[in-house]
Amino acid sequence: MTEKLSEATRGPLLDPLFQSGWALVEGRDAIAKTFSFTSFVDAFGWMTKVAIWAEKWNHHPEWSNVYNRVDVLLTTHDVNGLSALDAKLARKMDKLA
Ligand SMILES: C[C@H](O)[C@H](O)[C@H]1CNC2=NC(N)=NC(=O)C2=N1
């Protein structure tokens, strides 16, 4: 069962993500990042690769694509906050970008 990150566990998990451009979201227990690509096709191709991992892990982003930009927000709806799955998907998104 997925659990909401505690104050003690979230630091080590989230700090590396803050270093790579992720940030906490005002008013939600969530992290967000904007990914920019060289073209729409590159942005959409990245979204497709991420989508395969999201489906495999049954953990899905809240995201929006405009041309070469993808705005991403990650949170775990089942626990109404951040979980280890969000950090895991964020790391995968960074790796695939
Ligand atoms: C029923 C299904 O397993 C759940 O709704 C999954 C699907 N993907 C999900 N994605 C995210 N971000 N949070 C969830 O709690 C979640 N739950």
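Predicted model, so just to flag it, every value in this text is computed and none were measured.
- A ring-ring contact (aromatic ring centres under 6.0 Å, His included) check over residues 77-97, counting only residues at least two apart or in different chains, returns nothing.
- With sequence neighbours excluded, no residue satisfies side-chain hydrogen bond (donor to acceptor under 3.5 Å, both in side chains) with Ser64.
- Listed by chain and residue number, nothing satisfies the salt bridge (Lys or Arg N to Asp or Glu O under 4.0 Å) test with Asp42 (two or more places apart in sequence, or in another chain).
- For residues 3-27, every residue pair satisfying the ring-ring contact (aromatic ring centres under 6.0 Å, His included) rule, not counting sequence neighbours, is listed here: Trp22-Phe35.
- Cluster membership check: Val25 does not share its hydrophobic cluster with Val72, using side-chain heavy-atom separations under 4.5 Å among Ile, Leu, Val, Met, Phe, Trp and Tyr.
- Ile31 approaches Leu82 most closely through the heavy-atom pair N-CD2, 3.9 Å.
- Surrounding CG of Asp71 are more than 12 heavy atoms belonging to other residues, nucleotides or ligands, all under 6.0 Å away.
- Between Leu74 and Trp63, every side-chain heavy-atom pair lies at or beyond the 4.5 Å cut-off.
- Pairing each heavy atom of Pro12 with each of Ala8, the nearest pair is CD-O, 3.8 Å.
- With a 4.5 Å cut-off on side-chain heavy atoms, Leu5 and Leu13 count as touching.
- Heavy atoms only, all atoms of each residue included: Leu17 and Ala87 are closest at CD1-CA, 3.8 Å.
- Considering only residues two or more places apart in sequence or on other chains, Asn68 meets the side-chain hydrogen bond (donor to acceptor under 3.5 Å, both in side chains) condition with none of them.
- For Lys92, there are no salt bridge (Lys or Arg N to Asp or Glu O under 4.0 Å) partners two or more places apart in sequence or in a different chain.
- Within the hydrophobic cluster formed by Ile, Leu, Val, Met, Phe, Trp and Tyr side chains joined at under 4.5 Å, directly or through other members, Leu85 stands alone, with no partner residue.
- For the pair Pro61/Leu89, a side-chain contact is recorded, criterion being any heavy-atom separation below 4.5 Å from C-beta on.
- With sequence neighbours excluded, the residues that form a side-chain hydrogen bond (donor to acceptor under 3.5 Å, both in side chains) with Thr9 are Ser6.
- Between Lys4 and Thr76 the shortest side-chain heavy-atom distance does not fall below 4.5 Å.
- Looking at residues two or more places apart in sequence or on another chain, you find no salt bridge (Lys or Arg N to Asp or Glu O under 4.0 Å) involving Arg91.
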Throw together a table of side-chain donor-acceptor distances under 3.5 angstrom for residues 47-59, partners on residues two or more places apart or in other chains.
{"from": "Thr48", "atom 1": "OG1", "to": "Phe44", "atom 2": "O", "distance (Å)": "2.9"}
{"from": "Glu55", "atom 1": "OE1", "to": "His60", "atom 2": "NE2", "distance (Å)": "2.8"}
{"from": "His59", "atom 1": "NE2", "to": "Asp86", "atom 2": "OD1", "distance (Å)": "2.6"}

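- Residue pairs meeting the salt bridge (Lys or Arg N to Asp or Glu O under 4.0 Å) criterion with at least one partner in residues 11-36, sequence neighbours excluded, are Arg10-Asp29, Arg28-Glu62, Lys33-Asp94.
- Listed by chain and number, the residues in a ring pair (Phe, Tyr, Trp, His ring centres under 6.0 Å) with Phe37 are Trp46 (sequence neighbours excluded).
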